[in-house]
Amino acid sequence: MASKERFALPCAVSLLLVKDGKVLLLRRHNTGWQDGKYGVPAGHIEGDESLTDALLREAYEEIGININSDDVAFAHMTHTKSNREYLYVYFVVERWQGQPYNKESDKCDRLYWAPLDRLPRNTVPIIRKAIEGYREGVRYSEDGWR
């Protein structure tokens, strides 16, 4: 009997860096996906890496801050289907070390602290939905299935 390979779901972590009722957004630039729209620091998990470790790594790689793993809290998860299925896991952090700055100017052209309840019109739609879910205490959403 032939073995059947199991489906593997790509997963990315996303950081909701929150301070004084505002969330840090990054305007995407030259990435080929949602350029000109605001997103959050995020990235794919690598092999043999926990979700928290991936979040800490991405925070340092993209905005130059250090986060203590004890200061990371689960915020929201989205299972999405567009050109392919993805699982996005959002974490909220309210304490960190360092001043956020744009370390990836080839992928981002602006950082912006947006009020959690007044996101820019050009926020990536699934990220807007996740931030709204976080604000409203909704921990899970699906997108693109219907």
Side-chain angles (χ1 to χ4, degrees), residues 1-19 21-96 100 102-104 106-146:
M1 185 168 185
S3 67
K4 185 175 179 183
E5 191 172 320
R6 289 189 180 266
F7 170 73
L9 183 64
C11 181
V13 292
S14 298
L15 172 62
L16 304 182
L17 196 67
V18 174
K19 180 180 179 181
K22 296 180 179 180
V23 61
L24 183 67
L25 301 178
L26 291 67
R27 190 167 58 192
R28 300 180 62 82
H29 169 74
N30 202 32
T31 68
W33 185 78
Q34 301 285 336
D35 288 334
K37 295 184 180 175
Y38 284 99
V40 293
H44 295 94
I45 61 170
E46 297 177 354
D48 200 29
E49 179 179 52
S50 73
L51 294 175
T52 303
D53 287 344
L55 186 77
L56 304 183
R57 176 182 51 75
E58 289 291 345
Y60 183 76
E61 287 176 1
E62 293 189 16
I63 56 174
I65 63 169
N66 291 301
I67 299 170
N68 183 316
S69 60
D70 292 337
D71 293 323
V72 174
F74 174 77
H76 189 84
M77 182 168 42
T78 302
H79 185 194
T80 186
K81 182 179 178 182
S82 54
N83 58 336
R84 67 187 290 198
E85 285 184 59
Y86 253 93
L87 188 65
Y88 293 97
V89 184
Y90 295 82
F91 295 95
V92 65
V93 171
E94 296 179 347
R95 293 187 337 182
W96 62 89
N102 184 5
K103 284 186 70 176
E104 294 187 327
D106 58 324
K107 298 178 185 177
C108 167
D109 66 2
R110 181 173 188 227
L111 300 185
Y112 174 61
W113 287 98
L116 280 162
D117 60 352
R118 284 186 320 231
L119 300 174
R121 272 185 268 128
N122 59 332
T123 300
V124 174
I126 61 170
I127 293 172
R128 172 185 296 280
K129 187 175 181 178
I131 292 172
E132 289 170 352
Y134 161 69
R135 280 188 21 242
E136 297 166 7
V138 175
R139 300 292 185 196
Y140 177 74
S141 62
E142 294 177 347
D143 187 77
W145 291 95
R146 293 173 187 71

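In this chain, numbering begins with 1 at the start of the sequence shown. Heavy-atom basis, side chains included; hydrogens, waters and symmetry copies ignored.
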Does any part of the side chain of [Y], heavy atoms only, come nearer than 4.5 Å to the side chain of [X], both counted from C-beta?
{"X": "Leu51", "Y": "Cys11", "answer": "yes"}
{"X": "Leu25", "Y": "Val40", "answer": "yes"}
{"X": "Tyr90", "Y": "Thr78", "answer": "yes"}
{"X": "Leu24", "Y": "Leu15", "answer": "no"}
{"X": "Ile65", "Y": "Leu17", "answer": "yes"}
{"X": "Glu58", "Y": "Leu56", "answer": "no"}

Quiz item: Just one of Leu87, Val72, Ile45, Asp53 clears the side chain to side chain contact (heavy atoms under 4.5 Å, CB included) bar with Val13, so which one?
Solution: Ile45

Quiz item: Excluding sequence neighbours, so at least two apart, what forms side chain to side chain contact (heavy atoms under 4.5 Å, CB included) with Asn66?
Solution: Tyr60, Gln97

Practice problem: Just jot down the side chain to side chain donor-acceptor pair (under 3.5 Å) partners of Asn122, sequence neighbours excluded, or say none. | Solution: none

Quiz prompt | Listed partners of Tyr38 passing side chain to side chain donor-acceptor pair (under 3.5 Å), at least two apart | solution = Arg110

Heavy-atom pair of closest approach, residues [X] and [Y]:
{"X": "Val89", "Y": "Phe74", "result": "CG1-CE1, 3.9 Å"}
{"X": "Ser141", "Y": "His76", "result": "OG-NE2, 2.7 Å"}
{"X": "Trp96", "Y": "Ile67", "result": "CB-CG1, 4.0 Å"}
{"X": "Leu119", "Y": "Ala114", "result": "CD2-CB, 4.3 Å"}

Using atom types as modelled, flag every donor-acceptor pair under 3.5 Å from a side chain in residues 124-135 to any protein atom, sequence neighbours excluded.
residue: Arg128; atom: NH2; partner: Pro120; partner atom: O; Å: 2.4
residue: Lys129; atom: NZ; partner: Glu142; partner atom: O; Å: 2.8
residue: Arg135; atom: NH1; partner: Leu116; partner atom: O; Å: 3.4

Main-chain N/O of [Y] paired with [X] side-chain donor or acceptor, under 3.5 Å:
{"X": "Asn102", "Y": "Leu111", "answer": "no"}
{"X": "Arg28", "Y": "Trp33", "answer": "yes"}
{"X": "Trp113", "Y": "Lys19", "answer": "no"}

Exercise. Flag yes if more than 12 heavy atoms outside Arg139 fall under 6.0 Å of its CZ atom; otherwise flag no.
Key: yes

Exercise. Please check if atom NZ in Lys103 has more than 12 non-hydrogen atoms from other residues, nucleotides or ligands closer than 6.0 Å.
Key: yes

Between atom [atom1] of [X] and atom [atom2] of [Y], what is the distance when rounded to the nearest 0.5 Å?
{"X": "Thr80", "Y": "Trp145", "atom1": "OG1", "atom2": "CH2", "answer": "8.5 Å"}
{"X": "His79", "Y": "Leu9", "atom1": "NE2", "atom2": "CG", "answer": "5.0 Å"}
{"X": "Thr52", "Y": "Asp71", "atom1": "OG1", "atom2": "CG", "answer": "11.5 Å"}
{"X": "Thr31", "Y": "Lys37", "atom1": "OG1", "atom2": "NZ", "answer": "11.0 Å"}

Self-check item: His44 vs Tyr86, side-chain contact (heavy atoms from CB on, under 4.5 Å): CA-CA, chis, key distance, verdict
Solution: CA-CA 10 Å; His44 295 94; Tyr86 253 93; 2.6 Å; yes

Quiz item: Who passes salt bridge (charged side-chain N to carboxylate O under 4.0 Å, His left out) against Arg27, sequence neighbours left out?
Solution: Asp109

Exercise. May I have all residue pairs that pass salt bridge (Lys or Arg N to Asp or Glu O under 4.0 Å) and include part of residues 78-94, sequence neighbours excluded?
Key: none

